[in-house]
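Inspection log for the structure reproduced underneath, given as structure tokens.
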Amino acid sequence: MRKFSWPKHSVLIIAVIATWLTTYIGYFTSFNMKIDNAMQQFILLINPLAFLLFIYGVALFIKKTKTRNRYILAVSLITSFIMFANAVFYRFFTDFITLPLLFQTSNFADLSSSITENLRLLDLFFFSDALIIFIAIRFFKQGPIQESSRKMGRKVYFAAAATLMMFNLALAEAQRPQLLTRSFDRELLVKNIGTYNYHLYDLFVQSKSHAQRTFADGTELTEIENYVKANHAQPDPKMFGTAKGKNVIIVSLESLQNFVINNNMDGHEITPFLNELTNDKDTFYFDNFYQQTGLGKTSDSEFIVENSLYGRNGSAVFFTHSGNTYNSLSERLGENGYATSVMHANSKSFWNRDIMYKALNVQKFYDVDSYTIGEDEAVNWGMKDIPFFHQSVDLMKDIKQPFATRMITLTNHHPFDLDEQDKLIPEYTSNSNTLNKYFQTVRYMDEAVKEFFEDLKESGLYEDSIIVMYGDHYGISENHNKAMGMYMDKEITPFDNAELQKVPLFIHMPGSGEGKQMHELGGQVDIRPTILHLLGIDTKADMQFGSDLFSPDREPFVIFRDGRLVTDKNIYAQEICYDIETGEPASDAAPCKPYIERANTELNYSDTIINGDLLRFKERPDGSPELNESK
Ligand code: GP9
Ligand code: MN
């Protein structure tokens with residue numbers, strides 16, 4: 001009997017190398033991935049290897065040469081097919097395959113009708129490793145090896161593969177902290193952990209969600225519905241419908257925290273335009289308003305605004321539950337005759353937006369391809385806010401009215417880089433480079449918003465629109481407490497960290513004349529009902545946790561995704577009940593207790609709805625079940 005002579009001259013080694021190379025070369029020929037530095041290049045090179053060592057390594061347990069060779073050949077065909085399928089898919093969708101995308105019937109129809117058009121002769125290249133392996137098997141003489149050295153070799157082999165995998169993950173984590181918990185973008189995953197591991201990861205994430213969904217039958221819905229009904233706040237009749245029929249423009253202000261509003265940095269005004277708005281007769285400015293996002297950051301804020309539900313703990317709901325049924329703001333507006341869209345000059349797959357927006361029934365996504373990015377018009381993460389706003393107004397002119405669009409800005413994003421000509425104020429000086437530059441990018445964003453308002457006025461859209469603007473999440477994390485403390489001239493406590501989660505909310509209603517500063521305590525979950533009520537759309541039957549910020553009977557209570565909470569009397573953070581007036585631990589912690597429980601209940605309810613995809617069981621106001629394109 002011919003035996004495998006490990007480690008030299010084996011089919012196994014040839015297979016690993018051949019598939020490794022075809023995969024690596026395929027990355028360049030078939031996908032348009034942005035590689036920023038030598039380290040990323042290196043990660044790309046090594047990322048297929050550990051997986052291939054493992055999967056081909058199973059062959060080491062197969063005694064019969066013939067079976068072993070067949071196994072190796074089968075693996076090479078499967079890996080080739082995965083790369084090939086991704087290449088074809090990418091040509092069509094500029095995206096990597098993900099299970100929910102594959103199962104969205106509309107996508108599948110699109111894909112199958114054009115699959116032949118997307119095939120290229122060169123795609124055969126992906127199978128060249130299989131061919132090489134086949135030749136090796138046919139013409140390679142493999143010598144026998146001892147059983148003892150086989151066992152020893154196996155151990156060394158798998159230890160090496162595991163080490164390589166750890167090494168790869170460590171490099172990926174250094175390049176992109178929290179890559180696996182937050183997901184970010186399929187391209188980032190492929191770039192850092194490789195196509196094959198990415199598919200395993202995708203399979204894991206999707207099957208976890210799928211299993212939870214399977215066991216849900218809608219019985220939990222009644223209890224949650226009762227809770228939601230009991231907490232529903234009736235709209236203020238004076239405000240209800242005051243913006244009826246107007247276009248709605250919702251602007252997500254990247255990383256904007258409230259502490260910069262009406263504030264200075266070394267004598268420089270940080271947000272002159274937004275400051276003006278805080279005293280504007282047509283603007284309601286909420287200065288006691290909190291962000292409620294988790295790891296999903298911008299995408300979580302979008303999720304909260306659309307659904308008045310909380311994001312998920314420990315992962316980005318935009319990735320984990322993009323196949324669910326939702327009663328989104330966009331859907332409700334669509335039903336009420338609005339043309340709904342999102343404008344964001346980034347690649348459509350970032351935060352899985354392209355897929356999630358379908359579940360949210362956003363009718364049109366103006367992604368980076370809808371914009372022309374001229375020279376000097378990109379910095380940091382992509383298109384600068386000023387040209388983004390300019391071109392967005394041009395796009396808006398062509399949308400049928402009334403429209404509702406959500407715009408997502410980008411320039412004021414970590415690491416807060418700017419071109420010289422866009423720096424309108426100097427840097428701050430502290431030990432935190434991040435905070436130092438933050439003031440400058442915020443100042444730039446303020447300028448962008450100012451120009452946006454001017455453009456809207458020029459376009460004639462201004463009078464017929466309301467503009468809602470909110471900070472999506474913090475820009476300065478707790479890692480910069482020392483520098484923040486220096487800026488605020490105090491030591492930052494957990495109480496301050498919670499308060500720093502305040503983001504500004506502006507509701508600008510041209511011609512209203514009623515605008516004022518609002519000190520009502522609220523959070524991002526309150527945006528959906530507030531907007532709908534201003535437009536004269538009722539939300540009584542909606543499964544939502546927020547309540548109208550103008551409603552006289554709403555409860556002052558904000559829950560953070562991590563369980564911290566704020567009431568009109570206390571802040572509960574790091575298991576301490578603080579007095580809101582003094583910022584000191586309260587002498588009596590009892591007032592926090594019922595709220596801690598309430599916060600848990602509400603977060604659990606939100607998770608239950610999302611995990612069980614419960615809204616698919618909810619009847620619409622007209623009695624028909626929810627319809628979702630992706631089902
Ligand atoms: C990316 C942008 C930023 O498209 O929304 O996301 P973030 O990192 O802030 O969550
Ligand atoms: Mn953001």
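Heads up: numbering here begins at 1 and tracks the sequence. Both counts, for ligands and for their atoms, begin at 1 and track the order of listing.
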Checklist entry - Should F365 and M356 be marked as a side-chain contact (heavy atoms from CB on, under 4.5 Å) after you check the CA-CA gap, both sets of side-chain angles, and the distance that decides it? => result CA-CA 11 Å; F365 181 14; M356 188 52 149; over 6 Å; no
Next on the checklist: Taking the six-membered ring of F403 as reference, does the cationic atom of K400 (NZ for Lys, CZ for Arg) lie under 6.0 Å from its centre and within 45° of its axis?
Outcome noted: no
Item to check | Aromatic Y474 / basic K297 pairing, under 6.0 angstrom, 45° off normal | outcome: yes
Next on the checklist: Among F284, Y285, Y462, exactly one meets ring pair (Phe, Tyr, Trp, His ring centres under 6.0 Å) together with H508. Which residue is that?
Outcome noted: Y462
Enumerate, atom names and distances included, each donor-acceptor pair closer than 3.5 Å involving a side-chain atom of residues 171-178, sequence neighbours excluded.
| unit_1 | atom_1 | unit_2 | atom_2 | d |
| --- | --- | --- | --- | --- |
| E173 | OE1 | Q178 | N | 3.4 |
| E173 | OE2 | Q178 | N | 3.0 |
| Q175 | OE1 | Q40 | NE2 | 3.2 |

Checklist entry - Where does the angle between the aromatic ring planes of F318 and Y357 fall among parallel (under 30°), tilted (30 to 60°) and perpendicular (over 60°)? => result perpendicular
Next on the checklist: Please verify the inter-ring angle class for F31 with F96; under 30° counts as parallel, over 60° as perpendicular, anything in between as tilted.
Outcome noted: tilted
Checklist outcome for this item: Heavy-atom contacts under 4.0 Å to ligand 1, chain-then-number order, include exactly E254, K297, T298, H344, N346, F350, W351, R353, W381, L410, H413, H473
Checklist entry - For D398, what residues pass the salt bridge (Lys or Arg N to Asp or Glu O under 4.0 Å) criterion, not counting sequence neighbours? => result none
Checklist entry - Is the ring centre of F286 less than 6.0 Å from the ring centre of Y470? => result no
Checklist entry - Can you list the protein N, O or S atoms less than 2.8 Å from the Mn ion (ligand 2)? => result E254 OE1, E254 OE2, T298 OG1, D472 OD2, H473 NE2
